[in-house]
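Data block below; observations after.
Sequence positions, counted from 1, serve as the residue numbers for this chain.
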Amino acid sequence: MIRKEETRVKHIAIVEDEPLMRQELAGILRTAGYQVTALVRLEGVAEQILALGPDLAVLDLNLPGQSGFDICRALKRASGIPVLILTARDQLSDELRALGLGADEYLTKPCRAERLLARAANLLKRYEGRANLLEGPGFLLDRNTYTLYCEGRSLVLPRNQGRLLEVFLTRRGELVGREELSHALWGTAEFIDENALQVNLTRLKKTLARERLLVRLETVRGVGYSLTGEAEP
């Protein structure tokens, strides 16, 4: 008799500061068959979630200390974890801001359990097998193999280009110093080979242009580099 392979239980992390609401959400999701971790310590939330590596994060916006917007931004820059915003904030401006930061769904409280479960199931299905993917505008990068997926095609990047693009995607819009880039490429920043670094950056720039990706590398002389905006037409 052939035994069917058991399906892995999906893991959902909850970030909600109101204890009764946190317990209610955890109960709804556990009853639906999910493994649930409800964060109680609300410092370093993004770091906690990244360490847990859940299949989905359900995130409130009104939190003590760091806002849900900042947590969402940090999660989407550093991982492919889908984020479902569940909040009492019902202003369109808040929804657009959250979606602009990478949130995948936006639900307002009070929310029927059936709606929450349906949106969660949809996100989990959509992200099946994408835990190792970083998302850029119009493309994905597999951070394990450095495979670039864009418009139905795939390209395996040379290791150094893949490492550089991974750093820039996790720090998108921010300046990245030469030390951090050198450490990503060679595991050390004690000695920075400017020529070698420039060669690798130039190769990545050419790849981005050749593949017509909607991003560009910008140089701030004497400070660092950043992956920004859309590429020039």
Give the minimum heavy-atom separation between [X] and [Y], together with the two atoms involved.
{"X": "L165", "Y": "L204", "answer": "N-CD2, 4.0 Å"}
{"X": "C72", "Y": "G102", "answer": "SG-C, 4.3 Å"}
{"X": "A103", "Y": "I85", "answer": "CB-CG1, 3.7 Å"}
{"X": "L56", "Y": "A120", "answer": "CD2-CB, 3.8 Å"}
{"X": "L75", "Y": "A46", "answer": "CD2-O, 3.9 Å"}
{"X": "A98", "Y": "F69", "answer": "N-CE2, 3.9 Å"}

Quick one: which of [options] gives a side-chain contact (heavy atoms from CB on, under 4.5 Å) with [X]?
{"X": "L169", "options": "L164, L140, V215, L227", "value": "L227"}
{"X": "Y106", "options": "L92, T87, L96", "value": "T87"}
{"X": "L148", "options": "D142, V156, L213", "value": "L213"}

Note, [X] side chain near [Y] side chain (heavy atom, < 4.5 Å):
{"X": "E24", "Y": "R22", "answer": "no"}
{"X": "L84", "Y": "I12", "answer": "no"}
{"X": "L201", "Y": "F168", "answer": "yes"}
{"X": "R119", "Y": "L86", "answer": "no"}
{"X": "L157", "Y": "L141", "answer": "yes"}
{"X": "V83", "Y": "I71", "answer": "no"}
{"X": "T170", "Y": "R143", "answer": "yes"}
{"X": "V199", "Y": "R203", "answer": "yes"}

Exceeds 12 heavy-atom contacts within 6.0 angstrom, atom CZ of R115: no

Take atom NZ of K109 as the centre, draw a 6.0 Å sphere, and report whether it contains more than 12 heavy atoms from other residues, nucleotides or ligands. yes

Please determine if D104 and K76 form a salt bridge, counting it only when a charged side-chain N lies under 4.0 Å from a carboxylate O. yes

Please determine if R97 and D94 form a salt bridge, counting it only when a charged side-chain N lies under 4.0 Å from a carboxylate O. no

Quick one: do L208 and R216 satisfy side-chain contact (heavy atoms from CB on, under 4.5 Å)? Show the steps, please. CA-CA 7 Å; L208 297 178; R216 63 179 180 273; over 6 Å; no

Backbone N or O of [Y] within a donor-acceptor pair of the [X] side chain at under 3.5 Å?
{"X": "R73", "Y": "L101", "answer": "no"}
{"X": "R30", "Y": "V36", "answer": "yes"}
{"X": "Q48", "Y": "E43", "answer": "yes"}
{"X": "R171", "Y": "L175", "answer": "yes"}

Quick one: do L133 and Y149 satisfy side-chain contact (heavy atoms from CB on, under 4.5 Å)? Show the steps, please. CA-CA 10 Å; L133 297 181; Y149 299 96; 4.3 Å; yes

Rounded distance (nearest 0.5 Å) linking atom [atom1] of [X] with atom [atom2] of [Y]:
{"X": "Q23", "Y": "E18", "atom1": "CD", "atom2": "CD", "value": "8.5 Å"}
{"X": "L117", "Y": "N122", "atom1": "CG", "atom2": "CG", "value": "12.5 Å"}
{"X": "N160", "Y": "Y146", "atom1": "CG", "atom2": "OH", "value": "9.0 Å"}
{"X": "R178", "Y": "L197", "atom1": "CZ", "atom2": "CG", "value": "8.5 Å"}
{"X": "R163", "Y": "L181", "atom1": "CZ", "atom2": "CG", "value": "12.5 Å"}

I'd like to know whether V15 forms a side-chain contact (heavy atoms from CB on, under 4.5 Å) with D60, so could you lay out the CA-CA distance, the side-chain angles of the two residues, the decisive distance to 0.1 Å, and finally the verdict. CA-CA 6 Å; V15 184; D60 191 9; 5.8 Å; no

Please test S226 against T228 for side chain to side chain donor-acceptor pair (under 3.5 Å), starting from the C-alpha separation and ending with a verdict. CA-CA 6 Å; S226 65; T228 60; 4.6 Å; no

For L39 and L52: C-alpha separation, side-chain torsions, deciding distance, then whether side-chain contact (heavy atoms from CB on, under 4.5 Å) applies. CA-CA 10 Å; L39 274 64; L52 287 170; 3.9 Å; yes

